[in-house]
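Here is the structure we will look at.
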Amino acid sequence: MLGGLRLRRARSSCESLSTFAVGFQPSTPSDLPPDANLKLLCLDGRLSEALWEMAVLATEVMFRGYDALVTECVNRRALTEGRRVHAHMIKTSYRPPVYLDTRLLIMYDKCGVLADAREVFDGMPQRNVVSWTAMISAYSQRGYQSEALGLFRWMLRTGVPPNQFTLATVLASCTGPQGLEHGREVHSLAIKNNYESHVYVGSSLLNMYAKASEIQDARKVFDMLPDRDVVSCTSIISGYAQLGHDEEALEVFQKLYKQGMECNYVTFVSLLTSLAGLSALDYGKQVHGLVIRQQVPFYVILQNTLIYMYGRCGSLSYSRRVFESMPERTVISWNAMLVGYGNHGLGREVIALFKSMRNVKPDHVTYTAVLSGCSHGGLADEGLKIFNSMVTEKVMQPEIGHYACVVDLLGRAGKIEKALEFIKGMPLEPTTAMWGSLLGACRVHGNISAGEYTAQRLLCIEPENAGNYVILSNIYADAGRWENVIRVRELMKEKTIMKEPGRSWIYLNKIVHTFHSSDRTHPQRDEVHAKVRDLYEKIKEAGYAPNLSCVLHDVDDEQKERILLGHSEKLAIAFGIMSGPQDGILRVTKNLRICVDCHNFAKLVSLVSGREISVRDSKRFHLFANGECSCGDFW
DNA sequence: ATAGGGTTAG
């Protein structure tokens, strides 16, 4: 009978009388606990009515009733309501069991108030492994790694053994400088507790190792997993991808795919990132086809990655097609498209697209993309105007990358002194990227004194980068200062140069052919070297002369010429020409920046062979046609 | 009740 009374009281507060108390069975009301109706209201999603009921019931709300209330608050992320439930417990002197305290902690965490979650945690008379794990997870997911690790240690000290949830959670906080150390400790703990081969723990472990660049350890964990699922398979692929081990990422994907691995959009995102790095257009298209055939839902992130992949593979029309097909775009979609145009030197397209941005707010990446796009596209004045508008229209505070773009823009326009002044007036420390682009500008504009100053600055910060010495050597050689060329070479010898070896590659029928400088490993090396010689003779007639200042070895000119002709991009280009089908663009990818001599070589080869040659170097695309390059000789 | 993988620039 009390139940009936309560029902009537609650009803008076309710607007829609006819729909009230769905599912309430009035048969034997006295058998039901007093908060039965409260539970039903929660299950029915009628939270405000349930809260009213809670207030009316006062001290008669029991464990199940509170549980239902808190659960509904968690589901809805309803903080205000959650606080009322918590306050009600305190007011009615209800002493929640561990379970309910933990639920409250989770409620505050999911509602985004970490401090309140922690307050609940600290006030708990007892804690179990779930309470500890929930609290660790709360810190971990917000990036408070040391707090998460500290709690984990505290938990171990109190004698609560971690379970698979705890281990998977805490491993996500094992990143950063000492992450590996902590991660290894957690790993041995996982082994001790027999959780090493658990799927979740395993993928967390391998991610921890991948983030610490210990990819072999990650692979070991992966290989030992008895049951693999999408996430663990994707983790190893993305581990390789994020460390730039793109070949391995593709290789392991191919192997797992043959074994029937399940793929979802995260898998494809990781894989496509690696294919972008490899410039593997054919594979990229194939994976795109797989995405469509598998009817993977068209998540924005996946489409953004497709835009990026096509851009990096030199196929802007495909990028644009994906971009146009998107029902919704984020700022990243626009940025990926802008970056693609910019890397191809299409400044006009960059500006047009930038001006047509709708429904999104440009961010700092947008401005970096636009400014560097202007620079690569030869639109120095437009770029400077856009930078100034950032400041005057208070769009955002320019960051170091934006300043670097301005240095590049000024340098391109030949305003070297202004660029130097700009660097001096900056509120930030100049970076190697800035000095590097300025040095390039000094070369293009033949400014020796500024070049010397810039090189001095650059070589102080980055003495191990051989490319910097080469450009300085180019500057001196262009001015006929041979004694300085020799000095640069000696300067370079003093420092031990840890140069990343030059490497170029080209795809033919989905087979990647990689060439290293003076390659002696490719099966057709003799033919390839002969083809370079052959091209060399042909382009000499068109005015090519080897630029010996690109070689900083202490050898005679004949030997220098041999070294120059052995540069990996020349080998790749020659291989592409000799292997044709003779149509379409020849696409070469290089891991470093292309040198002046190879740039000249490619221009003239495009002229005498009548083929279009695209070279993606570490900075941008160069499209060579009829003896000209899309970069306008500035890069 | 508590858990693992993903996008743009440099």
Side-chain angles (χ1 to χ4, degrees), chain A residues 67 70-71 74 97-107 109-110 127-138 140-141 162-172 195 198-208 210-211 218 221-222 225 229-239 241-242 263-273 276 299-309 311-312 319 329-340 342-343 363-373 399-405 408 431-434 436-437 618-619:
Chain A
D67 185 26
V70 177
T71 300
V74 171
V98 188
Y99 173 92
L100 262 185
D101 265 337
T102 307
R103 297 288 291 150
L104 280 171
L105 186 167
I106 293 164
M107 183 274 294
D109 171 32
K110 301 284 183 214
R127 303 179 189 109
N128 61 20
V129 64
V130 182
S131 346
W132 282 101
T133 305
M135 197 66 235
I136 293 168
S137 165
S140 168
Q141 290 188 351
N163 64 12
Q164 66 274 40
F165 290 84
T166 326
L167 295 169
T169 305
V170 79
L171 280 166
Y195 286 121
H198 185 276
V199 217
Y200 278 61
V201 177
S203 42
S204 299
L205 274 172
L206 81 86
N207 275 312
M208 180 274 294
K211 279 180 199 147
V221 172
F222 180 75
L225 282 180
D229 64 358
V230 214
V231 177
S232 43
C233 290
T234 304
S235 295
I236 191 67
I237 295 168
S238 91
Q242 279 169 18
C263 300
N264 62 19
Y265 84 103
V266 183
T267 322
F268 290 127
V269 165
S270 301
L271 179 61
L272 287 166
T273 307
Y299 291 105
V300 176
I301 293 177
L302 180 50
Q303 293 174 307
N304 291 348
T305 310
L306 282 166
I307 295 173
Y308 171 66
M309 181 277 292
R312 290 279 281 167
S319 287
R329 303 185 186 108
T330 62
V331 67
I332 295 181
S333 325
W334 293 88
N335 292 349
M337 200 66 233
L338 288 166
V339 168
N343 283 340
D363 65 4
H364 59 110
V365 178
T366 314
Y367 276 93
T368 311
V370 172
L371 294 174
S372 94
E399 294 174 11
I400 188 84
H402 301 131
Y403 286 105
C405 289
D408 207 46
T431 60
T432 53
M434 275 178 207
S437 79
S618 60
K619 219 173 165 197

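Quick note: numbers below take in every heavy atom, side chains included, and nothing from hydrogens, waters or symmetry partners. Owing to the predicted nature of the structure, the values given are computational and were not obtained by experimental measurement. Chain A is the first sequence line, chain B the second, and so forth, proteins listed ahead of strands; every chain is numbered from 1.
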Considering only [options], which nucleotide approaches the side chain of [X] most closely?
X	options	value
Q141(A)	dG4(B), dA1(B), dT2(B)	dG4(B)
R103(A)	dG4(B), dA1(B), dG6(B)	dA1(B)
Y99(A)	dG4(B), dG5(B), dA1(B)	dA1(B)
A168(A)	dG6(B), dA3(B), dA1(B)	dA3(B)
Y200(A)	dT2(B), dG6(B), dG4(B)	dG4(B)
V230(A)	dG5(B), dG6(B), dA3(B)	dG5(B)

Practice task
Please test V331(A) against V365(A) for side chain to side chain contact (heavy atoms under 4.5 Å, CB included), starting from the C-alpha separation and ending with a verdict.
Solution key: CA-CA 9 Å; V331(A) 67; V365(A) 178; over 6 Å; no
For the side chain of [X] and the backbone of [Y], is there at least one donor-acceptor N/O pair under 3.5 Å apart?
X	Y	value
S140(A)	I136(A)	no
S319(A)	G311(A)	yes
S137(A)	T133(A)	no

In whole Å, what is the span from the [atom1] atom of [X] to the [atom2] atom of [N]?
X	N	atom1	atom2	value
K211(A)	dG6(B)	NZ	C1'	11 Å
Y195(A)	dG4(B)	OH	C1'	16 Å
M309(A)	dT7(B)	CE	C1'	13 Å
D109(A)	dA1(B)	CG	C1'	12 Å
L167(A)	dA3(B)	CG	C1'	10 Å
F222(A)	dG4(B)	CZ	P	19 Å
I136(A)	dT2(B)	CD1	P	15 Å
N163(A)	dA1(B)	CG	P	14 Å

Using a heavy-atom cut-off of under 4.0 Å over every strand shown, decide if [X] touches base, sugar-phosphate, or nothing.
X	answer
S232(A)	base
V170(A)	nothing
S235(A)	sugar-phosphate
V269(A)	sugar-phosphate
D67(A)	nothing
T102(A)	base
S204(A)	sugar-phosphate

For nucleotides 8-10 of chain B, print each protein N/O atom paired with a nucleotide N/O atom at under 3.5 Å, atom names and distance only.
| residue | atom | partner | partner atom | Å |
| --- | --- | --- | --- | --- |
| dT8(B) | O2 | N335(A) | ND2 | 2.9 |

Practice item. Not counting sequence neighbours, which residues clear side chain to side chain contact (heavy atoms under 4.5 Å, CB included) with V231(A)? List them please. Key: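 Side chain to side chain contact (heavy atoms under 4.5 Å, CB included) check on V231(A) returns S203(A), D229(A), S235(A).
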>> Do T267(A) and C233(A) make a side-chain contact, defined as non-hydrogen atoms from C-beta onward lying under 4.5 Å apart?
In response: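 SC-SC contact between T267(A) and C233(A) ruled out.
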| task | Assess whether one donor atom and one acceptor atom, taken from the side chain of D101(A) and the base of dA1(B), lie less than 3.5 Å apart. | result |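 There is none.
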* **Over all atoms of both residues, closest heavy-atom pair of M309(A) and A276(A)** =>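 Nearest heavy atoms, M309(A) then A276(A): CA-CB, 3.7 Å.
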task = Identify, with sequence neighbours excluded, every residue that meets ring pair (Phe, Tyr, Trp, His ring centres under 6.0 Å) alongside F222(A).
result =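 None.
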Counting only side-chain nitrogens and oxygens, does S137(A) get under 4.0 Å of the OP1 or OP2 atom of dA3(B)?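 Yes, such a contact exists.
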